[in-house]
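For reference, the structure is listed below as structure tokens.
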Protein chains: 2
Amino acid sequence: MAKQVVAETERRRRRPTRQGTVLSEKLIVRTALRMLREHGGTGLTARRLGTALGADPSTLYRYFAGLDDLTRAIGEELMGRALDTWTATGEWRSDLRALGRAIHASYLADPQAAVLTASRVTGRPREIAVDETILGILRGAGFPDVDAVVVYHAFIDLTLAFAALDAGSLALTEQARVADEEMWRSTYAELPADTHPHIAATARLLAGRMNHSAYPVVLDTLLNSAAEQLAWARARRTPGTGSAPNP
Amino acid sequence: MAKQVVAETERRRRRPTRQGTVLSEKLIVRTALRMLREHGGTGLTARRLGTALGADPSTLYRYFAGLDDLTRAIGEELMGRALDTWTATGEWRSDLRALGRAIHASYLADPQAAVLTASRVTGRPREIAVDETILGILRGAGFPDVDAVVVYHAFIDLTLAFAALDAGSLALTEQARVADEEMWRSTYAELPADTHPHIAATARLLAGRMNHSAYPVVLDTLLNSAAEQLAWARARRTPGTGSAPNP
DNA sequence: CCCTTATGCCAACATGATTGACCTTAACCC
DNA sequence: GGGTTAAGGTCAATCATGTTGGCATAAGGG
């Protein structure tokens, strides 16, 4: 069996499967994404993926060291898609906002996959490219390295964290929407005002808001704070040019 | 077998297991937490939990509809612990900061359990109590209902999202710390400056920062923003008292 | 055109959740 | 206390899962 997985770039012989399909990392990853979309978060199994590809499950181990390795490749694909839909304008703030939203959107487009991968560090090329891009935007905007690293850290973790969280409820909505919405309706909305006055008072407002993601709001909050930090750093570097910005 | 799970409060006969232990929801949940802590994120299995309790695995189905149900109970336990370590002071901002950190800390104390449960909505009593508390703090501070709901939403999702994310890396550090730190050292820190100048320039700073959570920073950012919003709302309600705060 | 070996397939194994049938004994009633 | 009942324990079986060892075959370099 697969003692060692052959790197995709060094793959020479491509033998078609019994049912005719020719395998590749990319094909496997995309099929895996489709399985997750169609069969839910638990729908990605070696057996099922095998049959979907017209191949034996064990064949997958020629391409990936295990399902865990495949999972990382899926995460890499989501990151890559985000990066592909994004273009730089040169204005750091809108660039970061757009990049964050692109990542968030890319993950939400495949919620089940996102849940599996959002908290994993793949260390693969496209993910590294995203990190390099973010740091480049911040340093290019004039953030001192110390500040750039703080903002980078907050930005990427915030984005991935919300991607995972929001994808989680989307995935559940797809999978067990009935049970969960029923929970909301039957539990929260029915709480009596004498035991839970605040929930009861805002139940209608909550119902309207909890369907949206809080990510855009929090992201803008972070970028605002970073902008103040930047102005402060600039003022310190060129003293006498003006007063410190809003403290 | 267990057609229907008997509610904990209506449980009457407590028959000791073959090995003498007397079961209860609480005992099962705590044992499950211990298993997760000792055997890692994948270490919670019906078989293993059964033997740890000195009971047949199938016995668990007398207490929980399935492992999924047990998972929700674990989440409820984490929420309860957070609420127990928290006390109100009456100052909305420090109260919210303390509550957020308590939830975050409670989840991080059991990282593997947190990963399993952070993105689930349990709808159980302690979780509802937390929601009621947050809304109460905000409305008590004078936030109009519309604003209170926005801040509540951002606050709870931010906290849970970071709990999940940070717990994820903690859990992995416990489980595959070697592979992951090796990844960081061998991949990110070794990137050549000509292809990845920004990562190379900040590698040392990154290594020092990525071990900490970005949650406190982002939380304070959110609370600052909320404070401005509150001042704005107050000014609008009592016009002429002063000028609008920082816009 | 032959030889090597990469790559696909088959069968098997260990372990997972879950369930149906059964049995034991705690709890309640008299 | 003794009898009755069913809650709550156990047992054995089912079926799905990831993963691996051994084998076969065709791709492609020489």
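Chain naming here is simple, since letters A, B, ... match the order of the sequence lines and numbering starts at 1 in each. All values derive from a computational prediction rather than experimental measurement.
OP1 or OP2 of C:dG8 has at least one side-chain nitrogen or oxygen of A:Y63 nearer than 4.0 Å.
Rounded to an integer number of Å, the gap from CZ of B:F64 to P of C:dA17 is 15 Å. Taking atom CG of residue A:D68 and atom P of nucleotide D:dG18, one finds them 12 Å apart after rounding to whole Å. If you measure from atom CG of A:L23 to atom P of D:dA27, you get 14 Å, rounded to the nearest angstrom. Atom CG in A:L27 sits roughly 15 Å away from atom C1' in C:dG8 (whole-Å rounding). Put simply, OH on A:Y61 is 18 Å from P on C:dA11, counting in whole angstrom units. Atom-to-atom, CG of A:L116 to P of D:dG18 comes out at 12 Å; the value is rounded to the nearest Å. To the nearest angstrom, P of C:dG16 lies 13 Å from CG of B:L60. The distance between atom CG of B:D56 and atom P of D:dG9, rounded to the nearest whole Å, is 11 Å.
Among residues two or more places apart in sequence or in another chain, the side-chain contact (heavy atoms from CB on, under 4.5 Å) test is passed with A:A105 by none. In terms of the side chain to side chain donor-acceptor pair (under 3.5 Å) criterion, residue partners of A:E127 (sequence neighbours excluded) are, by chain and number, A:T122, B:Y188. Listed by chain and residue number, A:H153 satisfy the side chain to side chain donor-acceptor pair (under 3.5 Å) test with A:D157 (two or more places apart in sequence, or in another chain). Under the side chain to side chain donor-acceptor pair (under 3.5 Å) criterion, B:T159 pairs with B:Y215, not counting sequence neighbours.
Comparing atom distances between the A:S58 side chain and each of D:dT20, D:dT10, C:dG8 picks out D:dT20 as nearest. Among D:dC11, D:dG8, C:dC9, the nucleotide with an atom closest to any side-chain atom of B:R62 is D:dG8. Residue A:P57 has its side chain nearest to D:dT19 when only D:dT19, C:dC10, D:dG9 are considered.
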Applying side chain to side chain donor-acceptor pair (under 3.5 Å) to A:Y152 and A:D131, what does each step give before you reach the verdict? CA-CA 8 Å; A:Y152 157 78; A:D131 298 334; 3.2 Å; yes
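Residue pairs satisfying the ring-ring contact (aromatic ring centres under 6.0 Å, His included) criterion with at least one member in residues 19-43 of chain A, sequence neighbours excluded, are absent.
With A:T195 contributing its side chain and A:L191 its backbone, the two residues share no donor-acceptor pair below 3.5 Å.
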Which pairs, protein N/O on one side and nucleotides 15-17 of chain D N/O on the other, fall under 3.5 Å?
from, atom 1, to, atom 2, distance (Å)
D:dT17, O4, A:R47, NH2, 3.1

